[in-house]
Amino acid sequence: MSIRTLDDLLAEGVSGRRVLVRADLNVPLDKQSGAITDDGRIRAVLPTLGALVEAGAKVVVCSHLGRPKGAPDPQFSLSPVAGRLGELLGAPVRFATDTVGESARSTVADLADGQVALLENLRFNVGETSKDEAERGAFADQLAAFGDAYVDDAFGAVHRKHASVFDVPARLPHVAGRLVLREVEVLSTLTADPQRPYVVVLGGSKVSDKLAVIEALLPTVDRLLIGGGMCFTFLKAQGLEVGTSLLEKDMVETCRNLLERSNGKIMLPVDVVVADAFAPDAAHDTVRVDGIPSHRLGLDVGPETVAGFSAALSPAKTIFWNGPMGVFEMPAFAAGTRGIAEAITKADAFSVVGGGDSAAAVRALGLDESSFGHISTGGGASLEYLEGKTLPGIAALEN
Ligand code: 3PG
Ligand code: MG
């Protein structure tokens, strides 16, 4: 890889220099209290930030959070993240209440060597996500003025052609941070030369989100296990009735076609947990997939499916998992996701957990993170990497 790394930058010496770090601090927040419910993405950038602090850099961190519409919106403020980041770093993080305005300018100007500042949400500015090159460029100019060098450690956002990801590195000496390097190293082993059997588990709600990666993976994998909300469109494609379960009608034909072309590699659930409603306390039962009642909806895979999927996972040498098997946030519908996660940890395989939801599931279910080979911080980014797409954030570092 022709990408310069954080170590190259550190070797040049960064003491007293301003280093602009793009991080992905897009963490889930509790809807009521606004509290951070999973700080995994904050912890994931600590190695890069810690190294810069120790080397005496003035560290200016920027990130997006959620999808605000190009203007300040308090529910998407990074302010709680600044607090948590400071706790984890063991030193207060100075927070700028705007991204490139007066507060940001004075915060950056006042930074001492080895201090860290966090700018307010990048997406409070139209220039960050604009499709217009000039508009993005103008915002990138303002951001780039805060750094003498740029570090991209926002793996979760490398698939976005946004100002802070794509245009800023064109304006400053740029390197990949520790997290981005590790993610790319791991994912490249999955595409280049996975040890076999290579088994992929896909879940989550939408087939349409996963279609491209299923297409790209089918020739490569030995087994593809499909659960989660998207399994019902596949079951429908097999001619089964799915009650009121999640169904993407316009994808049924595509799923049928994929099943026909899959050479038996695709494995679908044989039983599911069906409920009267999408609610934590809804009455529920386990049924065979050919016996889903017309008025009920599937919210998890059943125990026989867990057993079958576990048997397929057990001989695997490489595993990639993206997407929960059911509505794991509700205890009544968490057994499928937990069972599959446990089967993955038991296999004597190099296992990669791809993405926001599945990584959050691992932690929410209290599973030991260290029993997985790698937990990616990027959902969309890791899928697009496996699809073989060019990722704007990585391409920008290569130049
Ligand atoms: C994510 O959560 O997937 C990343 O932070 C990217 O966010 P986005 O999908 O809103 O660009
Ligand atoms: Mg996403």
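One-based numbering along the sequence shown. Both counts, for ligands and for their atoms, begin at 1 and track the order of listing.
Comment: Arg296 engages Asp285 in a salt bridge, judged by a side-chain N to carboxylate O separation of less than 4.0 angstrom. At a threshold of 4.0 Å, the pair Arg178-Asp153 does not count as salt-bridged, since none of the basic side-chain nitrogens sits closer than that to a carboxylate oxygen.
Remark: ligand 1 atoms within the under-4.0 Å shell around heavy atoms of Asn26 are 1 (C), 2 (O), 4 (C), 5 (O), 7 (O). Distances below 4.0 Å separate heavy atoms of Gly156 from the following atoms of ligand 1: 4 (C), 6 (C). Close contacts of ligand 1 with Arg160, meaning ligand atoms under 4.0 Å from a residue heavy atom, involve 8 (P), 9 (O), 11 (O). Applying the 4.0 Å criterion to heavy atoms of Asp24 picks out, from ligand 1, the atoms 4 (C), 5 (O).
Cluster membership for Val352 and Phe372, using ILVMFWY side-chain heavy atoms within less than 4.5 angstrom, is not shared.
The shortest heavy-atom distance from His162 to ligand 1 is not under 4.0 Å.
With sequence neighbours left out, Ser314 forms a side chain to side chain contact (heavy atoms under 4.5 Å, CB included) with no residue at all.
Taking only nitrogen or oxygen atoms, main chain and side chain alike, Arg67 reaches within less than 3.5 Å of ligand 1.
Annotation: side chain of Ile42 is in contact with side chain of Leu88 (closest heavy-atom distance under 4.5 Å).
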